[in-house]
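Some notes on the structure that comes next.
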Amino acid sequence: MNPEQGRGNVGIPEEWARILDNLDDAIFIEDSKARIIFANSSVEKLYGYSRDELMKEGLKLIVPPREMRKIPALVEELLEKGELVFETFNILRGGSYIPVRIYARKLEHGNTPLFLLKITDLTERKKKLAIIKMAAELSTEAMMITDTDGRIVWINRAAEEIFGYTGQELVGKKFYEHITLEMGKYRRMVEMAQRGEVELGKKTEAIVKLRRKDGSTFTAEVSHTLIKINEKVYAISVIRDISRRMEYEQRLMEEKRKFREILDEMLNMVLIIQDGKIAYINKTVEEVTGWRREEVLGEPFQVFVAPEMRALATENYLRRMAGLPVPSEYVLQLMTRKGKRLWGYIKARVVDYEGKKSDLVSVVDITPLKRKEEKIFSINEAVRKLMLSRSKEDIYGIVLKTLETTFSFDGAEIFERDGDEVNKISGYGRYPNEGRHEELKNAFSFALKYGESRYLIGVPESMHKKGAKEISEYITPISSGKTTYGFLLVWKDGFDSISLDDRILMDILASHLALRLELHRDRERIRRAKETQELMLRIIGHDLKTPLAVISGYADLLREECREEYLDDIKSAVDSMLETINKAKMLSSIDIHSEEAMESVNLKGIGVKVTDIIKKRYPGARVKIRGDARVNGHPLLLEELMMNLLDNAFKHGATEVSVKLSEKKEGAVIRIADNGPGIGGNMKDRIFEPFVKYGKTGGTGLGLAIVKKIVDVHRGNIKVEDNEPRGSVFVIELPKA
């Protein structure tokens, strides 16, 4: 030691010694052989040795033997780099160890290399780190501590399990070079910490890909918090393996996507409402209402509701979201983008949608059902009107009006049955395929035979070359029990354009129409029966009065004197009374039995039978029968018809009657011509009325009225013409059925 340099200061300038001696950190200056040539006063405080002892004995007093063996290598590295920083352990007087951080720097002083060593006691810092490590060891989350260079200082057991490394394998390694796949992201954070740009105590988070020892990777959420211990900055990192969470979130996103796809493909309309506004609509809403998603998302849901029902829809929504009692199912009238109204059956409930309380609304378009309901109401109203109607014209008019105003048919026609024939009565719309009558006739025949409806679709083969367009036609019989009154025909453009519901409603309407026609027929029967009763009363009150008076008068004469001619007159009066009574009974029986016992009748046979009776009643009468014909009718009534006409002719003075029978396509014709006095022009229009008499020998006035009734029962026609050169001709036309 040079005495001039003072204690603890050998071979360095006095100015250096003075400055270094006033520092709080322990300072050594060594030569290239690791001999201490200077020690400041803080060395004595740290180690408990005097400077003289340290300078005399050297580093072996404070450096453990294992660490002493590293000194030559450190000296070489220091000579190469100029400075080093490392941590190690030193020995205090008494033998205890302390952790220290050594900053070594090469000094430029003459030709002899010197090294300055600054020793920092890390005992307090190590204690704090130990506390942190202890707390981290108790944590179930993976944790590690890194310095500002990104080197791993320590990891806990949970981190060892995640990465597959032991702590010894990772400590001292740079985190961002060894176990992360995203070095740039972590390196930037380290550099910001080194520059002091990251606030202490502030946590930063990042999602990164990390690598395990076996080479597999996983996604982790890493949060870094910077702390400072004895002027040293560290990063405490918490590592959470979120691979499963990411998979779950991915699956959740996939499920959400599938859920939306399912909602989109649902036939029901589906809406989700948040805060009173549209958050979602499916494709069906777009298709039914015409609104596009981008047009309504974020808009008030009332845009879908008819104006007069918006108050109800809003109140139901607010009560539901508030948890108050409210119907979960109800009917609303909705609006399309073009202002068209629809009826929707609503089902709604509160759900969580994307983390927010929402109203999930399912809507079934029940517009077809409401329209069907309206059609049923219309038919019910038509039935009510039918019950109040008085004539066939009114009945058919009500039905056609209902079809025209309630349904979307292009036209309708009502056909009435006349035996085996079908005749159009009334209708609306122009039938498009006039050449299709043969197909319609076959359809009518089928419906009449089996009592079933027929649905005709498209264009029949017979019409293909005529350019007929496709239409759909529905024919339903107007039937009640076994009686078919006619047919109802409706048609509409297009292939299969008449719905099953409309066809069912047509059957119902036709059934009610048949019931009303049946009631009309019964009322007509009652009316005719009443007329017959009145007619019989008039017969009794009028035509029996004269013969009764004759009988009464001759009875008085018989008291005075008995003469044979009086008895003849009385018998004649009684015969007249019996004839009147029998004809009245016949007239009554026509209405009572008019639609019973119809059979095939040979008119010539009836004519021969009646002629035999007439010849006995009128000796010398001549009757000629020519031709032959058959009809479906009532044998007794047709016999009475011929009897009355022949009797009427001879009674009024005819001596010869010609009966001509003939058949034609529609039926049979009976021509009865006489050579009597004939019928005046004024009487021709009245002779078929009851009690109308003509000629001097007029009878009861019922004979021709009975003939007219019989013809009507057979749905035929009768007229009277003049015969040339004299007499009358009665022409009767009777249908085949």
Take Phe38 and Leu114 through the test side chain to side chain contact (heavy atoms under 4.5 Å, CB included) and record every step on the way to the result. CA-CA 10 Å; Phe38 171 79; Leu114 299 177; over 6 Å; no

Decide yes or no for [X] and [Y]: does some side-chain heavy atom of the first lie under 4.5 Å from some side-chain heavy atom of the second?
X: Thr289; Y: Val296; value: no
X: Arg35; Y: Glu30; value: no
X: Ile155; Y: Phe163; value: no
X: Ile91; Y: Tyr97; value: yes
X: Leu505; Y: Thr406; value: no
X: Ser328; Y: Lys347; value: no
X: Leu369; Y: Tyr345; value: no
X: Thr219; Y: Ile207; value: yes

Taking [X] for its side chain and [Y] for its backbone only, find out whether a donor-acceptor pair lies under 3.5 Å.
X: Asn282; Y: Val285; answer: yes
X: Ser358; Y: Gln274; answer: no
X: Ser216; Y: Asp214; answer: no
X: Arg503; Y: Ile498; answer: yes
X: Asp502; Y: Ser497; answer: no
X: Asp359; Y: Ile273; answer: no
X: Ser472; Y: Asp496; answer: yes
X: Glu286; Y: Arg293; answer: yes
X: Arg212; Y: Ile162; answer: yes
X: Arg319; Y: Pro325; answer: yes

If you measure only the distance, is there a donor-acceptor pair under 3.5 Å linking the side chains of [X] and [Y]?
X: Ser243; Y: Asp241; answer: yes
X: Asp365; Y: Thr367; answer: yes
X: Gln302; Y: Arg310; answer: no

[X] versus [Y], closest heavy-atom pair with distance:
X: Ser223; Y: Arg240; answer: OG-NH1, 4.0 Å
X: Val43; Y: Ala26; answer: CG2-CB, 3.8 Å
X: Ser408; Y: Lys492; answer: OG-NZ, 2.9 Å
X: Pro99; Y: Asp121; answer: O-OD1, 3.4 Å
X: Leu20; Y: Ile29; answer: CD1-CD1, 3.7 Å
X: Glu160; Y: Gly167; answer: OE2-N, 2.7 Å

Taking atom [atom1] of [X] and atom [atom2] of [Y], what is their separation to the nearest 0.5 Å?
X: Leu297; Y: Trp291; atom1: CG; atom2: CH2; result: 12.0 Å
X: Ile239; Y: Met144; atom1: CD1; atom2: CE; result: 4.0 Å
X: Leu46; Y: Asn90; atom1: CG; atom2: CG; result: 7.5 Å
X: Asn156; Y: Ile145; atom1: CG; atom2: CD1; result: 9.0 Å
X: Ile102; Y: Asp25; atom1: CD1; atom2: CG; result: 12.0 Å
X: Leu210; Y: Glu221; atom1: CG; atom2: CD; result: 11.5 Å

Lys370 bridged to Glu373 by N-O distance under 4.0 Å: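 Looking at Glu373 together with Lys370, the answer is yes, because their closest N to O distance falls below 4.0 Å.
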
Any salt bridge linking Glu83 with Lys118? Criterion: basic side-chain nitrogen under 4.0 Å from a carboxylate oxygen. no

Go through the structure and list residues passing side chain to side chain donor-acceptor pair (under 3.5 Å) with [X], not counting sequence neighbours.
X: Lys81; result: Glu77
X: Ser96; result: none
X: Arg337; result: Glu295

Under the salt bridge (charged side-chain N to carboxylate O under 4.0 Å, His left out) criterion, do Glu374 and Arg371 qualify, and how do the steps go? CA-CA 5 Å; Glu374 291 170 358; Arg371 289 175 180 165; 6.0 Å; no

Can you tell me if [X] has over 12 outside heavy atoms packed within less than 6.0 Å of its [atom1]?
X: Glu329; atom1: CD; answer: yes
X: Lys357; atom1: NZ; answer: yes
X: Asp493; atom1: CG; answer: yes

Residues 57-76, side-chain donor-acceptor partners within the protein, below 3.5 Å, at least two apart:
from: Glu67; atom 1: OE1; to: Thr88; atom 2: OG1; distance (Å): 3.1
from: Glu67; atom 1: OE2; to: Lys70; atom 2: NZ; distance (Å): 3.4

Does the pair Arg341 and Met335 meet the rule for a side chain to side chain contact (heavy atoms under 4.5 Å, CB included), with working shown? CA-CA 5 Å; Arg341 290 173 179 257; Met335 299 291 292; 3.6 Å; yes

Carefully, step by step, assess Asp52 and Ser50 under the rule side-chain hydrogen bond (donor to acceptor under 3.5 Å, both in side chains). CA-CA 5 Å; Asp52 290 339; Ser50 68; 5.3 Å; no

Side chain to side chain contact (heavy atoms under 4.5 Å, CB included) against Ser41, all qualifying residues, sequence neighbours excluded: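 Result, side chain to side chain contact (heavy atoms under 4.5 Å, CB included) vs Ser41: Asp21.
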
Which residue pairs pass the ring pair (Phe, Tyr, Trp, His ring centres under 6.0 Å) test with at least one member in residues 317-340, sequence neighbours excluded?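 Ring pair (Phe, Tyr, Trp, His ring centres under 6.0 Å) check on residues 317-340 returns Phe301-Tyr317.
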
Tell me which one of Ile37, Leu79, Leu107 satisfies side chain to side chain contact (heavy atoms under 4.5 Å, CB included) with Phe115.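 Exactly one candidate clears the test, Leu79.
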
Determine, step by step, whether Ile278 and Phe304 satisfy the side chain to side chain contact (heavy atoms under 4.5 Å, CB included) criterion, reporting the C-alpha distance in whole Å, the side-chain angles of both residues, the deciding distance to 0.1 Å, and the verdict. CA-CA 10 Å; Ile278 303 296; Phe304 289 112; 3.8 Å; yes

For the pair Asp501 and Ser499, evaluate side-chain hydrogen bond (donor to acceptor under 3.5 Å, both in side chains) and give the outcome as yes or no after the intermediate values. CA-CA 5 Å; Asp501 287 341; Ser499 69; 5.3 Å; no

Run the side chain to side chain contact (heavy atoms under 4.5 Å, CB included) check on Ser362 and Arg349 step by step: do they pass? CA-CA 9 Å; Ser362 173; Arg349 67 187 193 122; over 6 Å; no

